[in-house]
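As C-alpha cells, the structure follows; a few thoughts come after it.
Every heavy atom of this structure was used, including side-chain atoms; hydrogens, water molecules and symmetry mates were not. Chain identifiers are assigned alphabetically (A, B, ...) following the order of the sequence lines, protein sequences preceding nucleic acid strands; residue numbering begins at 1 within each chain.
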2 protein chains.
Amino acid sequence: MVVQMRDSITAIGPCGTCAQCLHCEARSRSICSVIDPEHMSLLDQYSHRLVITSGKTFIQEGEAASDFFIVTSGHAKLFALMPDGRRQITGFAQSGNFLGLASGATYAFSAEALGPLSLCRFSRTGLSTLRREFPKLENRLMEEASCELVQAQKSMLLLGRKTARERLASFLLEQHQRSLTKARVTQLPMSRTDIADYLGLTIETVSRTLNALQREKLISIAQVTQITLNDLPALEILARGG
Amino acid sequence: MVVQMRDSITAIGPCGTCAQCLHCEARSRSICSVIDPEHMSLLDQYSHRLVITSGKTFIQEGEAASDFFIVTSGHAKLFALMPDGRRQITGFAQSGNFLGLASGATYAFSAEALGPLSLCRFSRTGLSTLRREFPKLENRLMEEASCELVQAQKSMLLLGRKTARERLASFLLEQHQRSLTKARVTQLPMSRTDIADYLGLTIETVSRTLNALQREKLISIAQVTQITLNDLPALEILARGG
DNA sequence: ACGCTATCTTGATATGGATCAAGGCACGTC
DNA sequence: GACGTGCCTTGATCCATATCAAGATAGCGT
C-alpha cells in the first residue's frame, strides 16, 4: 500500500500483514527499542513510513507541531532561519534519531533531507496513546530529551566561545563518534555550507581551516566529503580548547 | 528541623507537620503544579529545601547527577567551562525552573547562585517514585524539557548568527518577558560579565552596546542593573534581525 | 566621610574571521 | 570532448568585536 502525497513525499501506510516495525532498520537505535516484539503491531498501527527526496523540507518552523518523526535511514539537517536568510543549523539527525521534541504548539525549527531520507511518522495523539500503553516509552523519551539538551549545551559552548579551529576539530570528532565505526575515515553527509551554518562560520573559513588542519597533518581530506582523522588525541585537545 | 551541611548550605528537611510544599511560593510555576493539594504530603516526603549563599556552586559539571532541583526563590546561572577558563552561560534559572534535565550519568553543566537562593531538591530515585505515582508529572517534565530545547535552539541561533546589537536586544526582551510584569523596567539579577558569558561577547562589548542602545533611545539605564525598554517594537525588530 | 575593591565604562589598537573577488574542480549534458 | 553549473578553494581586503589600558562609579567596611 503506497500513497502518493504532494509532489515528492511517498507514504507507505500501515499494513496489517507486513509488520514493518519488526523489521525496521532503525529500531535498535530508536525509542522503539523499549517495546517488546510481541507488541510491535500496535506500533505499526500508530506509525507511518515516509520517503523524502533530497533537499525537501519536511518540518517547517512555525507550523503546528502535529507530528513526531524518527529517521529510519539517511540524514537530515535541523535549522532556524532569520528574516534576511542567515541560517543556524542546530543539529543533524541520522538513523534512530527522534525529531520533534523541540516544539511547543508549533515547531521551533525546520528540517530538510540531506540526500534521500526515510522517516517514520507518529501523530501527536498516536504517540500519546503509545506513551500511555508503554510506560517505558516515557523514560526513553526523557532520555532522548536529556541527550539533546546535553548536546545543545555543547553547541552553545562551541558557538559562544570556541575558535574556528576548535569548532572544526569538535565537529569532526562529533561526526566520527556518530559514525559508530572505529575507522578513522569519516564520510560527511553535508556540504561545506551546512558545516559553516552548523558551526557559526562562513564557508570560506571552514574551507581554509580544514585545509590548515590538513597541512598540520591532523587530518587528511581524500575527497571533499571524506576526511581521515590522523591524530585523534591532538584533535581532542584542540576541540576542548587545551 | 534545620540541618547544617558543609559551610554554607542549609537543609530544611522533610517535616510531617508543616506541609511545606503546600505553601511553596514556586509551586504554581513548577512541575509540582500538576499535583493535587491532597497529595502534597508525598511531595514533602521526597523533597528537601535548601538555602544557598550567593556565589555558591551547587551543581558541578561532571559530577554524578544524583539530584534534581527546583528553584523556589532567587536566581541561578548555569554554565560550562573550558580548561583555560573560557565560560559559556547556557541559561539563567528563576523561581519554578526545574534543573537537571541536561544530564546523563553526570551533570553536563555547573550551576551557581546569583544572590541568595532557595532550592527544592529531589533525589533521582525520589523523583522516579513520584513519576510512577503521578503520571501527570511525566507530561509536565516533557513539557519542561521541550521548553528548554526550544530555548536552547534560540540561543544557538543567537550565538551562531546574531550581531552584538541583536544579541543584547534579544537578551533584554527575554529578561523582560521572564520578569512576568508589564512594566518596561527590568531589574537584571546578573553582572555584565554574566551577560557577556551568556551572549558570547566580552564585557566591554556588552557595556558599549548597551550604551549605544541608550544613546539611540531604545533603552534607558537608570542603574547598572535597572534597564527600561523604551521602544519594544523596535527592539523586537532588532532582536529578530530585520 | 574615607579609602578599598570590585565592577563598569571608555578609549586606543589589534585581529580573527567576514566579505569581496577570482579561479579551480568535479560531474552531468549534449 | 567542449560547455555548463554547482560546489569548493584561494587570495586580498575589511570590519566587528576582542584585547589592552586607563579611568569612573558604586558598594562597603571602618
Which nucleotide in [options] has an atom nearest any side-chain atom of [X]:
| X | options | value |
| --- | --- | --- |
| B:Leu201 | D:dT17, D:dC8, C:dC8 | D:dT17 |
| A:Ala164 | C:dG17, C:dT9, D:dT9 | C:dG17 |
| A:Ser191 | D:dT19, D:dC8, C:dT19 | D:dC8 |

Could you state the [atom1]-[atom2] distance from [X] to [N], rounded to the nearest angstrom?
| X | N | atom1 | atom2 | answer |
| --- | --- | --- | --- | --- |
| A:Asn211 | D:dC8 | CG | C1' | 9 Å |
| B:Arg86 | D:dT19 | CZ | C1' | 14 Å |
| B:Ile203 | C:dT10 | CD1 | P | 13 Å |
| B:Met190 | C:dC8 | CE | C1' | 16 Å |
| B:Asp194 | C:dT7 | CG | C1' | 12 Å |
| B:Gln226 | C:dC8 | CD | C1' | 17 Å |
| B:Lys162 | C:dA18 | NZ | P | 18 Å |
| A:Gln214 | D:dC8 | CD | C1' | 13 Å |

C:dT9, OP1 or OP2 - any side-chain N/O from B:Ser207 closer than 4.0 Å? yes
Residue-phosphate contact under 4.0 Å: B:Thr202 side-chain N/O, D:dT17 OP1/OP2: no
Residues from residues 215-222 of chain A sitting under 4.0 Å of DNA chain C, heavy atoms only? none
Hey, are [Y] and [X] close enough side-chain-wise for a donor-acceptor pair under 3.5 Å?
| X | Y | value |
| --- | --- | --- |
| B:Thr186 | B:Ser179 | no |
| A:Ser95 | A:Arg29 | yes |
| B:Ser110 | B:Thr57 | no |
| B:Thr225 | B:Gln187 | yes |

Step by step, would you call B:Lys77 with B:Asp197 a salt bridge (Lys or Arg N to Asp or Glu O under 4.0 Å)? CA-CA 10 Å; B:Lys77 58 186 176 197; B:Asp197 284 347; over 6 Å; no
Go through the N and O atoms of the side chain of [X] and the base of [N], and report whether any donor-acceptor pair is under 3.5 Å.
| X | N | value |
| --- | --- | --- |
| A:Glu204 | C:dC20 | yes |
| A:Arg192 | D:dG6 | no |
| B:Arg208 | C:dG11 | yes |

Taking the nucleotide of DNA chain D with the closest heavy atom to each, which residue, A:Val206 or B:Val224, is nearer the 5' end? A:Val206
Centroid-centroid under 6.0 Å between A:Phe79 and A:Phe109 rings: no
In terms of relative ring orientation, are B:Phe58 and B:Phe69 parallel, tilted or perpendicular, with 30° and 60° separating the classes? perpendicular
